[in-house]
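Please read the structure below before turning to the comments.
Labels below follow one simple rule: chain letters A, B, ... track the order of the sequence lines, proteins then strands, and each chain is numbered from 1.
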Protein chains: 2
Amino acid sequence: MKPATLKQIAEQLNISISTVSKALKDYPDVSKKTKDLVNELAKDLNYKPNAFALNLRNKESKTIGLIIPEIVHHFFSSVIKGIISQAEEKGYLVIILQSNESYELEKKQIELLMNQRVDGILISLANGTADYAHLNEVLAQDKPLVMFDKIAKLVRCSKIVIDDRKAAYLATQHLIDTGCKRIAHFRGPLLPQNSIDRFLGYKKALEDNNIPYDPSLVYLCECGEHSFEEGKANAQKLLQDHNDVDGIFINTDLVAIGAINEFKKMGIKIPEDISIVGFSNWHMSSVISPSLTTIDQPGFLMGKNAFKQLHLEITNLKNNLPIVHQEIILQTDLLKRESTKDITAKKNKLHL
Amino acid sequence: MKPATLKQIAEQLNISISTVSKALKDYPDVSKKTKDLVNELAKDLNYKPNAFALNLRNKESKTIGLIIPEIVHHFFSSVIKGIISQAEEKGYLVIILQSNESYELEKKQIELLMNQRVDGILISLANGTADYAHLNEVLAQDKPLVMFDKIAKLVRCSKIVIDDRKAAYLATQHLIDTGCKRIAHFRGPLLPQNSIDRFLGYKKALEDNNIPYDPSLVYLCECGEHSFEEGKANAQKLLQDHNDVDGIFINTDLVAIGAINEFKKMGIKIPEDISIVGFSNWHMSSVISPSLTTIDQPGFLMGKNAFKQLHLEITNLKNNLPIVHQEIILQTDLLKRESTKDITAKKNKLHL
DNA sequence: CTGAAAGCGCTTACAG
DNA sequence: CTGAAAGCGCTTACAG
């Protein structure tokens, strides 16, 4: 059974399409009697306005596009959840595409979404993305665009991020505060700004505490599918290279958990021998033993804020109001758990 | 800058809109000269056909809807990935909604998607869904609908599933084959058919091996957010209630991992004292120690198949071909790892 | 080879 | 209070 149209209602009632349309929208210049007739029949026929026709007329589809590097990923799926929940509240639908960390795919997907004429685009960049022409093109066409987490500083649009550098600084400072003297870092890949910033935060904290920076203490991870194994491998390498390390700041929780597993297997005590701080607050991190001290990365909140900002820009554009790009920096908290030492306990001991 | 239209091209070239349209579509009855002119200008203006107009005319949007109980979930996010990857290949976009395991939300979202006039709908049911009127309504309106994983047997549409009962049977049989005599089961919630079937498979395997079924050996889990903690709690309870258990078949890997953690903490050896089999093959399961014997639940493949089937039905509907509903049962494998005993090793020993 | 006309389903300014 | 007309941007059967 095909969905009913205004035309059908009009014909059955022997009135014009315009009147039917106005009756359904409760225009004041339609008689009560006509309105009642129309509404009743519309209900009987289960009339729903044709979204395609509305889109064409209103030049908007109440649909946005989301491009994300990876879906099977705790942080990113939390962001998606935040975006969708907020979108649903405002009556928007979300088309999701996955770039697989590929610049080429990302470029194609931007085009797809532009051709689809979504009302706006939300994106977290692929690691491979170093050229921003496709993003600037979106902005040039006056299409609202908001970036989150993995952003390009040079693109002039709104951004929702955390302060990776500051968070990494705090993480490292916490290791120093709890007595670590020789602190290693398992860093993320070379490209996204985030792992660069985390590395820089680590380095800065060392400097500010007069601890010499030693590049041989920095190990690289892909932080992709094999994060856990990378953590184990790096833990092994680290022990071979340096037997004096007493603290590690690790780019991602999953890598940290791999490292912890390996250390435990080798009989190294955490936090007594080596203290560890992770990054992201994965759901397993609070639950393993020892539980992992880490930086809480607020994915759900980031998603919510990203959609809110996009929605604001879509609305302003529609109402010919000026669009002010925002850079929103979400707060990150250091969650102190068992993989680092408890300072208060230590202090108390000293005071005995 | 607003996107270009056929009208603009026509005006600039002083020809009719129809001719422009036909030139762009390479109709044979347009002169080469006109085609060249049109194509050149179209390229200059970066002309892209207006998707809203096409949707209205073609009565299709090359967009499907997906309703899923939970996004932040390893299995479901794998399914999503499979769906999106396959959809992209066929030129379809995917709108994702999350039902949060709520029947009410699910119902609303079905309506949303119907009003949006997506070309088809993919759904995995909320645990709370026991009434299927909203799903039958979709089918009554001739909209292709494919269910996966959490399905309703009574709804007459295509389904992509695994054979939960058989997989559970194999898991339990494996425990029996490796010498377990007293086998417990941590089962999932009462509602979705899947956990019922897994329970039934467990029970059937016991029967077929003349092991008496003991209801006090069956423990319930929500298998939601706190799966890990549930595993720990159930492990504790089990030890209090029964000190003779030597094997457990557990509804979900995450619960199993929680249980393993707890057992290890209590000094119970796995698999020597208690053997454990999980279900789903979560990415951590192969990587923890001892690694978890489990049933591989092919999420990505399920997503791919679900979209393929939906696409087939969409295409057939469009071409007025008959639609044959399929129930596709994907293969599940038992992955033998360290949390159960190695039979071959045992056999070898016996043969010495 | 080109173009006017009708139509997809809706809305709204305008006429009566 | 009701309806004819124009328009959103496109396609295609038909006329010339």
Interatomic distance, B/Q8 CD vs D/dG9 C1' [rounded to whole Å]: 11 Å
Paired to C/dA4 by Watson-Crick or G-U wobble criteria (both distances under 3.5 Å) is none
Rounded interatomic separation in angstrom, taking CD1 from A/I17 and P from D/dA4: 9 Å
Just wondering, do A/N136 and A/R156 contact through their side chains at under 4.5 Å, heavy atoms? no
Round to a whole Å and report the spacing from CD1 of B/I9 to P of C/dG3. 14 Å
Whole angstroms only, please: what is the CG-C1' distance between B/N55 and D/dT11? 14 Å
Are A/L139 and A/V155 close enough that some pair of their side-chain heavy atoms sits under 4.5 Å apart? yes
Provide the distance between the two P atoms, one in D/dT2 and one in C/dC8, to the nearest whole Å. 25 Å
Within the pair B/T34 and C/dC1, is there a side-chain N or O less than 4.0 Å away from OP1 or OP2? no
When the distance from CG of A/N14 to C1' of D/dT2 is rounded to whole Å, what number comes out? 13 Å
Categorize B/L54 for me: base, sugar-phosphate, or nothing, with a 4.0 angstrom heavy-atom threshold over every strand shown. sugar-phosphate
Would you say a side-chain N or O of B/K35 is under 4.0 Å from OP1 or OP2 of C/dC1? no
Without decimals, in angstroms, what is the distance between B/Q116 CD and C/dC10 C1'? 15 Å
Does any N or O in the side chain of A/T129 come within less than 3.5 Å of the main-chain N or O of A/L125, such that one atom is a donor and the other an acceptor? no
When you get a sec, tell me which of C/dG3, D/dG3, C/dC8 is the closest nucleotide to the side chain of A/I15? D/dG3
Does A/L24 reach the side chain of A/L6, with side-chain heavy atoms less than 4.5 Å apart? yes
D/dA13 - base-pair partner by Watson-Crick or wobble geometry, distances under 3.5 Å: none
Can you tell me how far P in D/dG7 sits from the matching atom in C/dA4, rounded to whole Å? 15 Å
When you look at B/V94 and B/F307, which way does the side-chain contact (heavy atoms from CB on, under 4.5 Å) test go after all the steps? CA-CA 10 Å; B/V94 184; B/F307 181 81; 5.5 Å; no
Can you find a pair of side-chain heavy atoms, one from B/Y92 and one from B/D119, that are under 4.5 Å apart? yes
Interatomic distance where CG belongs to A/N115 and C1' belongs to D/dC10 [whole Å]: 15 Å
Rounded distance in Å - CZ (B/R57) to P (D/dG9): 16 Å
With the threshold set at under 4.0 Å for non-hydrogen atoms, list the residues of residues 18-32 of chain B touching DNA chain D in residue-number order. B/S18, B/S21, B/K22, B/K25, B/Y27
Looking at A/E101 and A/K150, is there a salt bridge between them, counting it only when a charged N and a carboxylate O are closer than 4.0 Å? yes
